[in-house]
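Below is one structure, written out as structure tokens; the observations come after it.
Chain A is the first sequence line, chain B the second, and so forth, proteins listed ahead of strands; every chain is numbered from 1.
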Amino acid sequence: MAIQRPKGTQDHLPDGSPKLSTDIRASAFRHVTETAQRVLERAGAQFISTPLFEEADLVKRGVGGSTDIVRKEMFTVYYFGDHGGFILRPEGTAGIVRAYLQNGLKQLPAPLKLWTHGPMFRAENVQKGRLRQFHQVDYEVLGSADALVDAEAVALMVDVVRELGLKNVWVKLGSIGDPDDREAYNAYLLDLFTPHLERLSDDSKERLTRNPMRILDSKSAEDQHLLTELKVRPMLDFLGTEAATHFGQVQGYLKAWNIDFDVDPSIVRGLDYYRRTAWELHHGGVGAKSALGGGGRYDGLAEQLGGSVVPGIGWAFGIERLLLALEAEGVSLPEPRGPLLYLAALDEENVPYAATLARKAQAGIRAEFAYRAMKPGSAFKDAERRGAVWAGLIGSEEAANGTLSLKNMQTGEQKVVETAELDDFIALSRL
RNA sequence: GUGGUUUUAGCUCAGUCGGUUAGAGCGCCGCUCUGUGGAAGCGGAGGUCGGGGGUUCAAAUCCCCUAAGCCACCCCA
């Protein structure tokens with residue numbers, strides 16, 4: 001058996017490949033990133049790109065040492081004789097905030113809207129919608145804590161999936177308040193659950209010490225019974241005045257813009273630097289977990305990374321999951337288009353001539369040519385398989401007359417044109 | 001990390017009471033068709049039966065190990 005790709009990775013293949021599904025169509029990926037680019041850059045976002053590997057410390061501080069991602073899902077990068085101090089990035093935010101701090105982007109007009117897309121790496125076991133190398137589109141806004149920024153961020157995330165043609169998506173919106181609020185809530189949960197420790201599932205016993213809020217979205221039936229029985233109050237009840245006002249403003253803007261959302265008290269974020277707005281984007285067709293992506297405000301992150309205080313908010317969605325959702329909804333993606341012109345010579349001595357003509361056409365249109373002399377039948381067959389619109393033949397007669405026999409592969413229409421007219425042909429096609 | 005399930009040609013799959021050179025359809029290449037594609041007919045190439053080990057006179061088929069795919073738990077995108 002020849003060498004195979006590593007577990008949990010995918011090849012993104014050209015259209016027409018066997019075994020092709022939507023989520024590995026290279027052109028489908030590009031469709032998503034191009035759509036995101038269009039939507040986000042219309043809103044003033046600028047493209048940024050950061051390394052695929054970063055200092056291990058950045059990832060640990062940026063993602064959180066208590067998370068599964070850091071505890072057991074990191075790909076470590078080794079150099080020769082090196083101890084492995086680098087990590088393949090598991091998400092995009094930490095690297096972007098690091099780049100913002102390191103490169104003095106604070107002096108750009110604030111707030112600064114950035115977007116990127118690219119591969120992320122997590123050493124998890126594989127299932128539907130979950131890979132070890134997956135891809136995200138990522139949007140971050142740095143330098144403002146205004147509720148309008150939050151609302152716009154949520155709205156843009158929805159805009160992207162809407163522009164892609166998805167219908168069956170919904171936003172779960174929540175707020176985790178400010179650090180004091182969350183501290184109070186966790187203390188409340190600890191007090192509430194400790195007397196009933198024995199009734200919690202094993203997972204939730206651990207959650208209670210590490211991150212009590214996680215118990216709220218436990219799938220264990222016993223935990224859910226206990227939650228109902230204890231009448232657990234939601235995080236939203238614990239929001240301080242400022243956080244509550246902020247959350248109210250975000251909701252108000254979204255309603256004014258007709259962005260549908262459900263307030264979901266179970267949206268939680270465990271890490272200290274998360275503040276206030278947190279949300280997830282869901283869809284029914286992406287496997288056991290329905291999240292296409294999520295976002296949140298992280299005003300404490302820049303400081304956590306050793307920089308100054310920079311409020312920030314961002315979101316990311318998984319491109320593979322988005323493609324699964326598009327497939328589930330039967331949204332058609334743009335079909336690949338072949339060359340506008342395909343040129344073939346009928347005898348060896350005219351091959352260079354046909355190639356030169358095609359090269360000239362490539363200045364303005366998509367044009368391909370045959371590398372060897374072809375019989376007319378083979379030439380048309382080849383042209384058809386490549387999806388060409390026009391197939392042009394050059395035999396001895398055409399070469400002598402300076403003409404080209406063109407055939408429209410869809411309509412069958414045929415005509416002889418002067419090669420000098422090729423420029424007009426190209427010009428027309430640009431319209 | 002755990003569990004279920006799958007793995008035979010480029011693709012989709014047949015093929016177990018273990019038995020000579022492992023099959024089909026589609027695709028690919030060629031010919032019929034030396035200036036006209038999509039059709040049809042004929043022919044051809046292509047397989048260490050995921051890998052390794054074992055049982056047996058004999059293994060795609062039975063046993064063990066292992067890898068990968070799919071799905072689920074956990075968690076996340």
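- A close approach under 4.0 Å does not occur between any side-chain nitrogen or oxygen of A:R130 and OP1 or OP2 of B:C74.
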ring-ring contact (aromatic ring centres under 6.0 Å, His included) between A:W315 and A:Y139: does it pass, once the steps are laid out? CA-CA 5 Å; A:W315 53 255; A:Y139 172 76; 5.5 Å; yes
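- Between A:D382 atom CG and B:U36 atom P the separation is 17 Å, expressed in whole Å.
- Taking the P atom of each, B:U6 and B:C74 are spaced 24 Å apart, rounded to whole Å.
- Distances from the side chain of A:M409 to the nucleotides B:C31, B:G35, B:G37 place B:G37 closest.
- Annotation: B:U12 and B:C31 have their C1' atoms spaced 28 Å apart (nearest Å).
- Ranking B:A77, B:U36, B:G69 by closeness to the A:P376 side chain, first place goes to B:U36.
- Atom C1' of nucleotide B:A68 and atom CD of A:Q4 are separated by 6 Å, given to the nearest angstrom.
- Side chains of A:H135 and A:E320: a donor on one and an acceptor on the other come within 3.5 Å.
- Listed candidates were B:U36, B:U2, B:C74. Nearest to the side chain of A:N125 is B:U2.
- Between A:E348 atom CD and B:U34 atom P there is a gap of 17 Å when expressed in whole angstrom units.
- Distance noted for atom C1' between B:U61 and B:G23: 15 Å (whole Å).
- Across every strand in view, B:A39 sits unpaired, with no contact that passes the Watson-Crick or G-U test at under 3.5 angstrom.
- Of the P atoms belonging to B:G50 and B:G44, the separation is 27 Å, rounded to the nearest Å.
- Ranking B:C11, B:C70, B:G37 by closeness to the A:K381 side chain, first place goes to B:G37.
- Pairing of B:A68, defined by two Watson-Crick or G-U wobble distances under 3.5 Å, is identified with B:U6.
- Comparing the C1' positions of B:C13 and B:A22 gives a spacing of 14 Å, expressed to the nearest Å.
- To the nearest whole angstrom, the two C1' atoms, one in B:A39 and one in B:A77, are 48 Å apart.
- Comparing B:A60 with B:U20, their P atoms are spaced 9 Å from each other, to the whole Å.
- Rounded to whole Å, atom C1' of B:A77 lies 14 Å from atom CD1 of A:I267.
- B:A72 sits 26 Å from B:C65 when the P atoms are compared, rounded to a whole Å.
- Pair assignment for B:G27: none, as no Watson-Crick or G-U wobble contacts are both less than 3.5 Å.
- In this structure, A:W390 atom CH2 and B:G37 atom C1' are separated by 15 Å, rounded to whole Å.
- With no hydrogens or angles considered, no side-chain donor-acceptor pair links A:Y342 and A:E384 at under 3.5 Å.
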